[in-house]
K.L.:
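Quick one: structure below, then a few questions.
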Amino acid sequence: MNKLALSLGLSLTLAPAFFFSCQISQAKSSESTTAYMVELPIERSATKLIALEGEFKPSQYTQIVAENSAKIVNIYVHDGEYVEKGAPLLEFDPTLAALAVKAAEKEYQMATRNIIELTRTSQEDDPRFQTAVRAVEETRNNLLLAQKEQEATTIHAPFSGKLSQIRFNAGNYVNEGALIAELVANDTVELHFTASAEVLNVFRQMLNNAPDSLQASIINKDGHYIEGKLKYVDAKLSDQDAFLRAYAVFDNHNDEHLIGSKTAFYLNSPGPEPQLFVPSSAIHTNDGTPTLFVLDKHRTVQAKQVTLAKIKESYNGYVPIESGLASDDFVLTTPDAPELVGKKIDPMVNLVNQINEILKRQS
């Protein structure tokens, strides 16, 4: 924005201050009168944060199960080992599977030779020909099944992840359906949570238009943000309450997020939103409640309890206000503001300093 245009806009914004009985840049000349500095809130764009709680769940999970009863002859991995997608995990005794493939190949070859012979010696409407066609189909399907079962004698990792404890050793006989191990993807984790439809409907609509633009943030022990992406919001309410289910995906290459643990986190607003700020010196805490002291239309000091906002950005010396303050409220910045409640004062606004402060943040 052009600085000259911005200065003009700010001057117009601050113009209501001239309606006070004293001038903007100076107090009354009376020796018995004290002028107090007041400021309009600064309005800036900021990324607002919505505080929620969620539980970490694996982005992928599977159980490694024996598809057939057989003996384990080789185990290629160890308990807790990280494996890449497609890596061999273990091998069952292939003897029976290999014999089954040979038998199926022989039956298929015989069926094929039979139909070739019938093609030379009979018509297509010969019942023996139709029977032979069906035999070829059946024996071919049997061969494909036998070959698939032979391939299944070596189990490969369906995706990259970390193995649990392997429940058998090489040489053990395993029954069909027995659980051998569990595999959990740990490169990424999903943070599952619920929130009201009022909160999540906007995010659900944004996911359809810009699926990679919505962020979720966790604050680590050092006070830094760990960024993730919102990936899913349920389309309908739960039968039991008015909440929607959703999850965000976070990187987990360093195993910093423990599966099954719960954590506080923040949804980032879809885009920058207008946000009011006041000087830190204007905030007073009464009984744990943030309070500002503002002027009414009669120049009388009034207390206003406010709610502080949580935003992504930080502005040194300024505090974001979520609610309780109007954009045209003149805020006292003096430390003794609480003692002035109910009193009529002479306000003073340093227009130049306030414009310079906003320009500095816009540059």
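FYI, side chains are in, hydrogens and waters are out, and symmetry mates aren't considered; it's all heavy atoms of this structure.
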K.L.:
Of all heavy-atom pairs between Leu308 and Pro290, which one has the smallest distance, and what is that distance?
P.N.:
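Minimum heavy-atom separation between Leu308 and Pro290: CG-CG, 3.9 Å.
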
K.L.:
Report the hydrophobic cluster partners of Tyr61, with the cluster defined as I, L, V, M, F, W, Y residues connected by side-chain heavy atoms closer than 4.5 angstrom, directly or transitively.
P.N.:
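In the cluster with Tyr61 are Val184.
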
K.L.:
Any side chain to side chain donor-acceptor pair (under 3.5 Å) pairs touching residues 50-60, not counting sequence neighbours?
P.N.:
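Of all non-adjacent pairs touching residues 50-60, those that pass side chain to side chain donor-acceptor pair (under 3.5 Å) are Ser59-Thr188.
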
K.L.:
Which residues pass the side chain to side chain contact (heavy atoms under 4.5 Å, CB included) test with Ser314, sequence neighbours left out?
P.N.:
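With sequence neighbours excluded, Ser314 shows a side chain to side chain contact (heavy atoms under 4.5 Å, CB included) to no residue whatsoever.
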
K.L.:
So, does Glu322 use its side chain to make a donor-acceptor pair with the main chain of Lys310 at under 3.5 Å?
P.N.:
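Between the backbone of Lys310 and the side chain of Glu322 there is no qualifying donor-acceptor contact (under 3.5 Å).
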
K.L.:
Between Thr153 (side chain only) and Pro94 (backbone N and O only), is there a donor and an acceptor less than 3.5 Å apart?
P.N.:
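A pair under 3.5 Å: no.
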
K.L.:
Would you check if the side chain of Thr291 reaches a backbone N or O of Thr289 as a donor-acceptor pair within less than 3.5 Å?
P.N.:
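Indeed, once roles are kept as given, a pair shorter than 3.5 Å links the two residues.
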
K.L.:
For residues 169-178, pull every pair meeting side chain to side chain donor-acceptor pair (under 3.5 Å), keeping only residues two or more places apart or in separate chains.
P.N.:
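Residue pairs passing side chain to side chain donor-acceptor pair (under 3.5 Å), neighbours aside: none found.
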
K.L.:
Going by distance alone, is a donor N or O of one side chain under 3.5 Å from an acceptor N or O of the other, for Asp222 and His224?
P.N.:
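No - no donor-acceptor pair under 3.5 Å links their side chains.
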
K.L.:
Do the side chain of Arg167 and the main chain of Ala181 share a donor and acceptor less than 3.5 angstrom apart?
P.N.:
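Looks like no, no N/O pair under 3.5 Å.
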
K.L.:
Hydrophobic cluster membership, with links at side-chain heavy-atom distances under 4.5 Å among I/L/V/M/F/W/Y: are Leu295 and Leu340 in one?
P.N.:
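Hydrophobic grouping puts Leu295 with Leu340.
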
K.L.:
Can you name the salt bridge (charged side-chain N to carboxylate O under 4.0 Å, His left out) partners of Asp287, sequence neighbours left out?
P.N.:
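Result, salt bridge (charged side-chain N to carboxylate O under 4.0 Å, His left out) vs Asp287: none returned.
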
K.L.:
With distance as the sole test, does Asn142 use its side chain to make a donor-acceptor pair with the main-chain N or O of Glu138 at under 3.5 Å?
P.N.:
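Checking the backbone N and O of Glu138 against the side chain of Asn142, a donor-acceptor pair under 3.5 Å is found.
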
K.L.:
My understanding is that only residues two or more places apart in sequence, or in another chain, count here; which of them pass ring-ring contact (aromatic ring centres under 6.0 Å, His included) with Tyr232?
P.N.:
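With sequence neighbours excluded, Tyr232 shows a ring-ring contact (aromatic ring centres under 6.0 Å, His included) to Tyr247, given in chain and number order.
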
K.L.:
If the condition is side-chain hydrogen bond (donor to acceptor under 3.5 Å, both in side chains), which residues does Ser160 pass it with, not counting sequence neighbours?
P.N.:
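Counting only residues at least two positions away or on another chain, Ser160 forms a side-chain hydrogen bond (donor to acceptor under 3.5 Å, both in side chains) with Glu84.
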
K.L.:
Same hydrophobic cluster for Ile226 and Ile259, using side-chain heavy-atom links shorter than 4.5 Å among ILVMFWY?
P.N.:
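The answer is yes; both residues are in one hydrophobic cluster.
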
K.L.:
State which residues pass side chain to side chain contact (heavy atoms under 4.5 Å, CB included) with Glu67; sequence neighbours excluded, sorted by chain then number.
P.N.:
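With neighbours one apart ignored, the set is Ala152.
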
K.L.:
Kindly indicate whether the side chain of Lys162, heavy atoms from C-beta on, has any atom under 4.5 Å from the side chain of Asp255.
P.N.:
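With C-beta onward as the side chain, the pair touches.
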
K.L.:
Provide the closest heavy-atom pair for His257 versus Asp251 in the form atom of the first, atom of the second, distance.
P.N.:
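Looking at all heavy atoms of both residues, the closest pair is CD2-O, 3.4 Å.
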
K.L.:
According to side chain to side chain contact (heavy atoms under 4.5 Å, CB included), who are the partners of Ile50, at least two apart in sequence or on a separate chain?
P.N.:
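Residues passing side chain to side chain contact (heavy atoms under 4.5 Å, CB included) with Ile50: Leu52, Val199, Phe203, Leu267.
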
K.L.:
So do the side chains of Gln147 and Val101 get within less than 4.5 Å of each other, counting heavy atoms only?
P.N.:
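In short, these two side chains touch, coming nearer than 4.5 Å.
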
K.L.:
Check whether Met206 and Leu200 end up in the same hydrophobic cluster, where Ile, Leu, Val, Met, Phe, Trp and Tyr are linked by side-chain heavy atoms less than 4.5 Å apart.
P.N.:
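Per the 4.5 Å side-chain linkage, Met206 and Leu200 are co-clustered.
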
K.L.:
Give, for atom CG of Leu191 and atom CG of Leu230, the distance between the pair rounded to the nearest 0.5 Å.
P.N.:
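That separation rounds to 10.0 Å.
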
K.L.:
Search all heavy atoms of His78 against all heavy atoms of Glu81 and return the closest pair with its distance.
P.N.:
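Taking His78 first and Glu81 second, the nearest heavy atoms are N-OE1, 2.8 Å.
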
K.L.:
Apply side-chain contact (heavy atoms from CB on, under 4.5 Å) to the pair Glu313 and Thr47, showing each step before the final yes or no.
P.N.:
CA-CA 7 Å; Glu313 301 81 4; Thr47 304; 2.9 Å; yes

K.L.:
Among all residues two or more places apart in sequence or in another chain, which pass the salt bridge (charged side-chain N to carboxylate O under 4.0 Å, His left out) test with Lys312?
P.N.:
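Lys312: salt bridge (charged side-chain N to carboxylate O under 4.0 Å, His left out) contacts with Glu227.
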
K.L.:
Starting at CZ of Arg113, measure out to CD1 of Ile115 and round the result to the nearest 0.5 Å.
P.N.:
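It comes to 13.5 Å.
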
K.L.:
For Ile321, is there any backbone N or O sitting under 3.5 Å from a side-chain donor or acceptor partner on Gln275?
P.N.:
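Side chain of Gln275 to backbone of Ile321, a donor-acceptor pair under 3.5 Å: yes, one is there.
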
K.L.:
Say you draw a straight line from CE of Met37 to OG1 of Thr334; how long is it, rounded to the nearest 0.5 Å?
P.N.:
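Spacing of CE (Met37) from OG1 (Thr334) equals 10.5 Å.
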
K.L.:
Please check if atom CZ in Arg140 has more than 12 non-hydrogen atoms from other residues, nucleotides or ligands closer than 6.0 Å.
P.N.:
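Open.
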
K.L.:
When clusters are formed by joining ILVMFWY residues with side-chain heavy atoms under 4.5 Å apart, either directly or through shared neighbours, do Leu49 and Phe193 land in the same one?
P.N.:
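Unlinked, Leu49 and Phe193 end up in two clusters.
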
K.L.:
Looking at Asp212 and Lys231, is any side-chain nitrogen of the basic one under 4.0 Å from a carboxylate oxygen of the acidic one?
P.N.:
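Salt bridge flag = yes for Asp212 with Lys231.
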
K.L.:
Nearest 0.5 Å, what's the CD1-OG1 distance between Ile116 and Thr112?
P.N.:
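Those atoms lie 6.5 Å apart.
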
K.L.:
Output every pair passing side chain to side chain donor-acceptor pair (under 3.5 Å) with a member in residues 85-110, not counting sequence neighbours, ordered by first then second residue.
P.N.:
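Residue pairs passing side chain to side chain donor-acceptor pair (under 3.5 Å), neighbours aside: Asn74-Glu91, Tyr76-Glu91, Asp93-Thr95.
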
K.L.:
With no hydrogens and no angle check, is any side-chain donor or acceptor of Thr139 less than 3.5 Å from a backbone partner on Ala135?
P.N.:
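Such a contact is found between Thr139 side chain and Ala135 backbone.
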
K.L.:
Look only at the side chain of Ser280 and the backbone of Gly317, and say whether a donor-acceptor pair between them is shorter than 3.5 Å.
P.N.:
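Yes.
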
K.L.:
Given a cutoff of under 4.5 Å between side-chain heavy atoms of I, L, V, M, F, W and Y, with clusters grown through shared members, what are the other residues clustered with Ile180?
P.N.:
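Via sub-4.5 Å side-chain contacts, Ile180 links to Ile64, Ile72, Ile75, Val77, Val83, Leu89, Leu90, Phe92, Ile155, Phe159, Leu163, Ile166, Phe168, Val174, Leu183.
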
K.L.:
Spell out, yes or no, whether Phe293 and Val306 are grouped together once hydrophobic residues are joined by side-chain heavy atoms under 4.5 Å, including indirect joins.
P.N.:
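Looking at the clustering, Val306 is in a separate group from Phe293.
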
